[in-house]
There are 4 protein chains.
Amino acid sequence: MSEQRRGAPRSEAARQAILAATAQLFAERGYEQLTIEGIAAEAGVGKQTIYRWWPTKSALVAECLLEGRLLPGQLTLPDTGDLRGDLVGWVEQIFALMDEPTGRGLVTSLVAAATANVEIGARLRDSLGGAESVTTRLTAGVAAGQLPADAPVVELSEALVGAVLLKALSGRAGQPGDAARLVDALVRA
Amino acid sequence: MSEQRRGAPRSEAARQAILAATAQLFAERGYEQLTIEGIAAEAGVGKQTIYRWWPTKSALVAECLLEGRLLPGQLTLPDTGDLRGDLVGWVEQIFALMDEPTGRGLVTSLVAAATANVEIGARLRDSLGGAESVTTRLTAGVAAGQLPADAPVVELSEALVGAVLLKALSGRAGQPGDAARLVDALVRA
Amino acid sequence: MSEQRRGAPRSEAARQAILAATAQLFAERGYEQLTIEGIAAEAGVGKQTIYRWWPTKSALVAECLLEGRLLPGQLTLPDTGDLRGDLVGWVEQIFALMDEPTGRGLVTSLVAAATANVEIGARLRDSLGGAESVTTRLTAGVAAGQLPADAPVVELSEALVGAVLLKALSGRAGQPGDAARLVDALVRA
Amino acid sequence: MSEQRRGAPRSEAARQAILAATAQLFAERGYEQLTIEGIAAEAGVGKQTIYRWWPTKSALVAECLLEGRLLPGQLTLPDTGDLRGDLVGWVEQIFALMDEPTGRGLVTSLVAAATANVEIGARLRDSLGGAESVTTRLTAGVAAGQLPADAPVVELSEALVGAVLLKALSGRAGQPGDAARLVDALVRA
DNA sequence: ATATAAGCGAGACGGTACGTCTTGTCTTGTC
DNA sequence: GACAAGACAAGACGTACCGTCTCGCTTATAT
């Protein structure tokens with residue numbers, strides 16, 4: 001029954017090397033400077049091996065993002081019970097990240113990647129905030145009575161993440177008090 | 001007294017031709033596919049004339065944006081007295097624009113340009129919303145008593161524009177009702 | 001044991017097309033007007049394919065010269081037994097060639113190429129005269145008793161070829177009797 | 001009667017600066033690397049001032065050569081009474097010059113210039129040897145009875161200079177004894 | 001066992017665009 | 001009107017990558 005494929009199976013070692021090289025070069029140089037040839041050389045792999053499995057540079061970056069190889073892990077939004085404090089802390093973390101040149105490059109590179117690939121955009125929204133962390137946290141806030149029962153959690157989290165991205169793009173991060181003011185504007189009593 | 005420059009002055013004709021060609025090719029092909037060589041050819045200009053006055057492709061795009069050559073003019077946010085209605089209509093216009101492939105390309109291209117150049121980012125925030133239209137409209141709403149006197153107009157307008165951009169990036173525009181829900185989430189009574 | 005090369009082997013078709021294009025454009029326009037870009041276009045080849053195998057324009061021309069693609073074939077120095085007659089005839093042929101604009105361009109272009117590349121100079125000396133034809137002919141003359149046994153054949157042939165080149169450079173070819181006078185000055189008695 | 005020209009007369013200072021700059025850059029970089037822009041910059045002169053008076057780079061070089069700004073002055077062929085010794089010494093001087101990289105560059109650059117401009121070729125033949133020095137010296141030798149009365153002085157001097165040039169082009173200068181052998185081959189008792 | 005396929009590293013290939021350099025012409029204001 | 005300065009259209013330079021295409025291995029079924 002099973003029409004079994006012949007020939008060598010895909011090399012997992014090559015796949016790992018490619019994704020690792022992509023993540024490293026992305027971090028070092030950013031999305032624009034990322035080249036397939038550079039990745040192939042760094043990974044010790046033929047270019048064809050990349051083109052065989054990923055149609056575009058952006059697809060490759062999307063897979064890295066999905067595997068969590070691009071974003072630092074500590075950006076998680078905690079739940080200490082203090083909704084406002086948690087949100088402000090999280091936004092401040094992101095602003096601090098964007099104040100280092102490294103961090104701003106990371107965020108703009110991710111956004112650049114997102115402009116090239118809707119899937120990266122969706123992924124980025126989810127992993128930066130969207131469904132996963134912010135929405136969850138807001139929903140918890142509703143359950144805890146810190147937000148009205150009918151609070152539009154999805155819209156609020158998109159607005160929060162969007163405002164952060166916009167600040168990243170326009171290089172406006174970092175003013176002390178910004179984070180608190182933004183959170184208060186969206187999640188006020 | 002007068003620091004007198006010598007040599008031929010900058011050619012305004014060349015400058016106009018270059019900006020016009022940039023705007024046209026940007027609209028036709030987007031930021032990524034935009035090439036200095038293509039612009040020079042389209043404008044009937046030597047490449048050096050471009051490099052003499054603009055250091056990068058992104059600076060050239062920034063100047064086009066500043067001169068209003070990239071964004072359709074009809075995106076202005078009106079003031080009919082009905083704050084909520086005005087905002088919802090404006091967001092719906094943007095969502096409608098992004099539903100056409102042309103429009104989404106335009107917005108993502110602008111964002112891509114913004115990732116390459118902070119000035120473009122700032123400009124984009126201002127011209128899409130930021131200070132200029134949305135903030136003004138919200139301030140008018142405060143004056144009209146439709147918003148509390150202490151409403152954080154700057155933060156709210158950044159959140160609104162940011163949410164719109166985020167939807168553009170993640171390809172999520174267009175669900176009917178989205179615009180209204182977003183506006184209500186931010187500017188509720 | 002065998003140092004095995006990997007990757008696609010060099011394309012002989014591309015090599016032939018490049019050399020043919022070089023020879024054609026050299027004949028049409030001369031060495032100075034020869035451009036790598038023009039050769040690539042004429043040959044239907046990427047520029048990099050030229051740069052991959054030849055370091056400079058002059059190296060490319062040297063290879064064409066080595067393969068006999070630049071000089072007309074009929075310039076051979078015959079051996080009819082009449083040493084003086086053979087030499088005079090050969091010099092007259094060259095002077096006649098240089099009287100046409102094409103011919104003078106060819107020779108000055110070859111010399112221009114030689115100034116850029118010692119190898120071309122050596123090649124040119126050999127193929128125009130030096131070791132190959134004139135020396136051989138003079139040696140035959142020695143054997144036939146038309147020249148003294150200790151005649152400095154190498155120096156004489158260099159002097160003959162040198163004098164011809166010098167006339168080519170100074171545009172002095174073509175006076176009837178010049179060829180005979182030159183040969184007599186060198187190979188008298 | 002005299003149609004009097006109006007306006008400023010040609011600036012001799014500019015002319016001198018241009019020729020001096022040309023000679024210097026020619027010596028530093030050679031004919032191929034010589035650029036009108038470089039000369040103008042070095043001379044502190046507008047490009048147009050060069051184009052106004054010289055049609056081409058080669059005409060400019062020709063004028064330098066004519067004014068003796070390109071060749072070292074010590075290359076004169078002396079007349080000590082010893083014809084063979086004078087000639088051998090002169091050829092050895094030239095060979096020695098060509099053994100330094102500077103010297104070979106100088107000669108090949110002059111030849112390159114000659115390929116671009118017949119006038120330079122004629123000038124070069126004359127100033128390196130032709131009419132001026134070698135022919136004169138050989139004529140003196142005839143008068144002194146060191147050469148037969150009917151010796152073809154013009155042809156011999158062209159052959160001598162030509163052989164030297166050919167050696168320069170093919171990079172063959174410098175073997176000790178070469179100079180003597182060459183002179184003996186042409187001017188034997 | 002022996003075909004038959006596919007994957008792989010390597011790298012040549014036809015292209016496109018880069019950013020720089022130079023050409024020869026032109027346009028200023030100064031002398 | 002010559003001059004220094006320098007903008008301009010044109011186009012070649014040599015480099016970097018693109019995405020495709022051979023090569024000669026090295027695995028894996030499938031016969």
Side-chain angles (χ1 to χ4, degrees), chain A residues 2-11 13-15 17 33-41 43-53 55-57, chain B residues 2 4-11 13-15 17 33-41 43-53 55-57, chain C residues 4-11 13-15 17 33-41 43-53 55-57, chain D residues 5-11 13-15 33-38 40-41 43-53 55-57:
Chain A
S2 69
E3 261 303 329
Q4 186 60 40
R5 278 206 329 101
R6 272 194 299 188
R10 178 173 186 178
S11 155
R15 181 175 171 274
Q33 313 292 343
L34 200 61
T35 68
I36 299 282
E37 285 207 336
I39 295 168
V45 138
K47 283 201 288 178
Q48 199 57 45
T49 302
I50 298 181
Y51 283 112
R52 191 161 17 239
W53 303 111
T56 58
K57 181 173 76 167
Chain B
S2 65
Q4 185 60 41
R5 279 222 324 106
R6 277 198 296 187
R10 177 174 186 178
S11 157
R15 182 176 169 272
Q33 313 292 340
L34 199 62
T35 67
I36 300 281
E37 250 173 31
I39 293 168
V45 137
K47 282 199 288 178
Q48 198 58 51
T49 301
I50 299 181
Y51 284 111
R52 191 161 19 239
W53 302 110
T56 58
K57 183 173 75 166
Chain C
Q4 186 59 43
R5 281 220 324 105
R6 277 197 295 184
R10 177 172 184 180
S11 158
R15 182 175 168 273
Q33 313 292 341
L34 199 61
T35 67
I36 298 282
E37 248 173 32
I39 293 168
V45 139
K47 281 201 285 179
Q48 199 57 49
T49 300
I50 299 182
Y51 285 110
R52 185 152 34 228
W53 302 110
T56 60
K57 183 173 74 166
Chain D
R5 281 203 326 99
R6 275 192 299 183
R10 177 173 184 178
S11 154
R15 181 173 170 277
Q33 314 291 343
L34 200 62
T35 67
I36 298 282
E37 287 210 334
V45 137
K47 281 199 291 176
Q48 198 57 43
T49 302
I50 298 181
Y51 284 111
R52 194 162 14 241
W53 303 110
T56 58
K57 183 174 74 169

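Letters A, B, ... are given to chains in the order of the sequence lines, protein chains preceding strands, and every chain is numbered from 1.
- Remark: P of dG24(E) and NZ of Lys57(D) are 9 Å apart, rounded to the nearest angstrom.
- For Trp53(A) and dC8(E), the shortest distance from a side-chain N or O to OP1 or OP2 is below 4.0 Å.
- Nucleotide dC18(F) holds its P atom 9 Å from the CG atom of Leu34(A), rounded to whole Å.
- Rounded to whole angstrom, the span from the CZ atom of Arg52(C) across to the C1' atom of dT15(F) amounts to 12 Å.
- Five base pairs at each end of the helix from dA1(E)-dT31(F) to dC31(E)-dG1(F) define two local axes, and these are offset by 10° (rounded to 10°).
- A pairwise comparison of heavy atoms in Ile36(D) and Ile50(D) identifies O-CD1, 4.0 Å as the closest pair.
- Remark: P of dG9(E) and CZ of Arg15(A) are 14 Å apart, rounded to the nearest angstrom.
- Considering only residues two or more places apart in sequence or on other chains, Gln33(A) meets the side chain to side chain donor-acceptor pair (under 3.5 Å) condition with none of them.
- At whole-Å resolution of the value, CD in Gln33(D) and C1' in dG14(F) are 14 Å apart.
- Nucleotide dG15(E) holds its P atom 12 Å from the CD1 atom of Ile50(C), rounded to whole Å.
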Using the 3.5 Å cut-off, write out each protein N or O paired with an N or O of nucleotides 21-23 of chain F and the distance between them.
residue, atom, partner, partner atom, Å
dC21(F), N4, Gln48(A), OE1, 2.5

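- A cation-pi arrangement is absent between Arg15(D) and Trp53(D), since the terminal nitrogen or guanidinium carbon is not both under 6.0 Å from the aromatic centre and inside a 45° cone about the axis.
- One atom, CD of Glu37(A), and another, C1' of dG9(E), lie 14 Å apart when rounded to the nearest Å.
- Atom CD1 in Ile36(B) sits about 14 Å away from atom C1' in dT16(E), given to the nearest Å.
- Across the interface with DNA chain E, nearest-nucleotide mapping of Val45(A) and Val45(C) shows Val45(A) to be the residue nearer the 5′ end.
- OP1 or OP2 of dA12(E) has not a single side-chain nitrogen or oxygen of Thr49(C) nearer than 4.0 Å.
- Contact annotation: Arg10(A) side-chain N/O to dA6(E) OP1/OP2 distance is not under 4.0 Å.
- Nucleic acid contact class of Gly38(B) (heavy atoms, under 4.0 Å, all strands): none.
- Side chain of Tyr51(B), nearest nucleotide from dA12(E), dG14(F), dG19(E): dG19(E).
- Taking both residues in full, the closest heavy atoms of Ala40(B) and Gly46(B) are given as CB-C, 4.3 Å, listed atom of the first, atom of the second, then distance.
- To the nearest 0.5 Å, atom NZ of residue Lys47(C) and atom CD1 of residue Ile39(C) are 11.5 Å apart.
- Across Ala43(B) and Ala17(B), no two heavy atoms sit closer than the pair CB-O, 3.5 Å.
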